[in-house]
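Report on the structure given below.
Naming: A, B, ... by sequence-line order, numbering from 1 per chain. Just so it is clear, the structure is predicted and the values come from calculations on it, not from any experiment.
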Amino acid sequence: MKFILAILIVLQFSCTGNAPSNPDAQFDRTRMLDFTAKQIIIPMYADVLSHSQTLDSLCANFLVQPNETMVIEMRQAWRSLAISWQYCSMFDFGPAEFSDGTLFENIGTYPVSVNKILSKIETKDTLFANFDRDTRGIYAIEYLLFNDSLNTYKLLTNKENNNVIYLKKLIQHVITKVQTVHNAWINGYSQTFVQNTGVQAGSSISELYNSFVHSYELMKNYQCGLPFGLKVGQVSTEPTKTEGFYSGISTELLYHHNQALLYFWRGYARLSPLSSLSGIGFKDYLLSIPTGKQLVEDTEYQWEQISKQISLLDRSIPLSVMIDQKMPILLDVFTELSKHTHFLKSDMSSLLGISITYTSNDGD
Amino acid sequence: MQFLQSLSAPVSSISLGIFRISFGALILLSTIRFIALGWIEEQILQPKIHFQYYGFEWITVPTAFYVYLLYSVLILASFCVMIGYKYRIMSILLFLAFTYTELWDISYYLNHYYAVSLCSFLLCFLPAHCILSVDSTSKPFFYQALIPRYYILLLQFQIAIIYLYAGIAKIQYDWLIEALPLSLWLPSHSDMPILGNILTARWTAYVFSWFGMLYDCTIPLFLSIQTTRVYAYIAVLCFHTITGILFQIGVFPLVMIVLTLIFFPPEQLLHVLNRILSVIQTSVRVRNDLTKSARFSIHPFIYGSLIAYCLFQLLFPFRYVLYPGNVFWTEQGYRFGWRVMLIEKSGYTQFTIRDSLTGKQGIIDNAEWLTDHQEKQMSMQPDLILQFAHVLASYYQKNGYTYPIITADSWVTLNGRKSYRFIDPSINLASIKDSWFHKEWILSEGVSK
């Protein structure tokens, strides 16, 4: 007992008396969480919300006075919304977890089910209180705005405006969901988030990390793997399963999703006036660990390879078209994404001691 | 002969009785906690597949009704063991129910679950209801003030093995010279009040590593010596409380705090027990009945069994020396060896399935099959990687891949070092049978980049 007491006293004394032998190890997680909440997450939710509201008011105007130009404006507003969403979708935790699924599941599900959407329009079913997540959200809106692009105006305005009414309800549903999440973040959750500075299951760092890795895997497996026909059980490529199939901006979305993840890892705030230098992210966290430098170099190198491969893709040509014409380049993208997974999914959590499960369990 | 006599020398049964009460209470508490945390659903009922123990593939998760029934039996049995009611049957039920539930999924294997299984196994053979129990009160036939010493020694041996082997496992380069993995784990607690600053200092990891090793290696000895026992138990309390606060180890600290009670002599336990009884203001007091005398002997069969059990406990954890390579990397002979909180290991494994007949191939999304926890465990343990490959092979053989070839792109990081390829990517895992033999398809750490 005396021995333990002596150790504790020595520890306490040296702690207050001297600087720790490894000052780098004292990474300020509070600062990182504060920065992430205030400069990244909240502005991104606000941005998605504002793009949804713009789309909503355009749609409201269209309902009153429909014309072809407004269809083009609505499409443009949708594109901005979908791109903004790429920077926000990875924060799918905390207030984004609803009883009927996460925000991503509710507004980011793709591919959508055309048949189900048509049947909902037919039956004027706009409650969205069900698990048919492929009938709502950003990509259901996309379907209505871009499908059969030459006839969109006609489609939206015929049948007693059923389509446009459904469209309006879809947009409002997106707004309600995003607003709920945004409100929670600005009304207290960000404090809770910043104060929960541990790394155990359920801590903010663990939530952020798991959500980030999950988003990376979605990019690899669903934005790329599935439409490229690489998943087990697929007999061929499935270009219609690309994200943003109807609008033709799937390559653009992939580019932005990769950027979003990279920005977040580096601690860049896309929408903040703060420069990248003042940001703080997982990269800085890793650099604070004595052996973290190597992993940061490896991660940066691999992310460079990914970005290089993605930059070889012409962003004006959709992935669905490239699948038919330039599959080898797409496979290169997938290969580079695959090589990167273990840096994010295992090396990083190991070095930072982050719990990679969402719930706790016994251990020894 | 003298040794045999000293083994069977009569000692007070109080220690055994108190051990039984605390052990029953511990299992009761941890089972209620397990249920209350929703782990039956999360760990047992929700997963699509379960990783099975080699040789115990016949143990599978039954329907929800039977799972809950078994947990109810576990609650009942642990309660009855605690109060010493129908002890003989209840102690067997406790051992069987607890061990059966542990054998459902090896990805949830924990050393302290194994420790509990072993102790409950030993309790099946010991008359721990001979005192401080409903059985001994209602039926004086069961009452026994004295028991042969080896009953206690056996339990003490079991606990000592746990500590000693955990300590021996720490005598290695990473733990002592690099202070790994503690130098990775401790700084993550920098947000703790007061202690935060200390925990981030590099030398703290060294102090914890060396102290941890010395503690594990010596605590059974200090608990056995009369003059050091109380201090040693205070160290047990402090050590397990600190590790309990710092790491996500659930009930493990409590398990060790309870199990080490067996080192106390009956007088001391009685003293504390009576103190507790007086605090809760009951007039009941327990006395050490030393009026009786008894002579015990050990039947040769029991003696043989004891030797066999002890030899197994001594040797089985060392089976890893029969395998080439680093046990922390290959995990061949890793389990059931009291390697507790010893390494930081993490991995990522992506499987590809190819039909050798048609050439058709596809990538597996692990998340469609496994929970986060299962995926984490599978990705760094070769036998689980193999097992999962077999599950995939048998499923896809019936679903479009006549002759499935399964390969793994597997990367593992050990103690914060750079990731290296873990499994030979050219090996068709579907064609490999699991066995006790060395798994040649595990690559050595650092061999392949």
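For B:Tyr401, the part lying near chain A is the side chain, with the backbone staying farther off; criterion is any non-hydrogen pair under 4.5 Å. Only the side chain of A:Asn221 has a heavy atom closer than 4.5 Å to any heavy atom of chain B. Contacts of B:Glu344 with chain A are made by both backbone and side-chain atoms, with heavy-atom separations under 4.5 Å. Contacts between A:Thr291 and chain B at a heavy-atom distance below 4.5 Å involve the side chain alone, from C-beta outward. Within the 4.5 angstrom heavy-atom criterion, no atom of A:Lys339 approaches chain B. Contact of A:Leu295 with chain B is not made at all, since no heavy-atom distance falls under 4.5 Å. Using a 4.5 Å cut-off between heavy atoms, B:Phe247 makes no contact with chain A at all. Only the side chain of A:Asp298 comes within contact range of chain B, with heavy atoms under 4.5 Å apart. Contacts of A:Gln294 with chain B are made by side-chain atoms alone, with heavy-atom separations under 4.5 Å and no backbone atom involved. Neither the backbone nor the side chain of A:Phe228 comes within contact range of chain B; no heavy atom of the residue lies under 4.5 Å from a heavy atom of that chain.
Among A:Gln234, A:Arg29, A:Glu217, the residue making the largest number of heavy-atom pairs under 4.5 Å with chain B is A:Arg29. Ranking B:Gln361, B:Glu368, B:His189 against chain A, the residue ahead of the rest is B:Glu368, based on heavy-atom pairs under 4.5 Å. The candidate from B:Thr352, B:Asp365, B:Val230 with the greatest count of non-hydrogen atom pairs under 4.5 Å with chain A is B:Asp365.
In this pair, B:Phe252 and B:His240 present their aromatic rings perpendicular. The plane angle is above 60°, beyond the 30 to 60° band. Ring geometry, A:Tyr189 versus A:Phe193: the interplanar angle falls from 30° to 60°, so the pair is classed tilted. Relative ring orientation between B:Phe388 and B:Phe351 is described as perpendicular, the plane-to-plane angle rising above 60° on a 0-90° scale split at 30° and 60°.
Aromatic ring centres of A:Phe343 and B:Trp411 lie farther apart than the 6.0 Å criterion allows.
In this view, A:Asp92 satisfies the salt bridge (Lys or Arg N to Asp or Glu O under 4.0 Å) rule with no residue, not counting sequence neighbours.
Looking only at side-chain heavy atoms (C-beta outward), B:Val236 and B:Tyr215 come within less than 4.5 Å of each other.
With salt bridges taken as basic N to acidic carboxylate O contacts below 4.0 Å, none links A:Lys231 and A:Glu238.
Here the side chain of A:Asn210 pairs a donor or acceptor atom with the backbone of A:Ser206 at under 3.5 angstrom. A donor-acceptor contact shorter than 3.5 Å is absent between the side chain of B:Lys345 and the backbone of B:Asn415.
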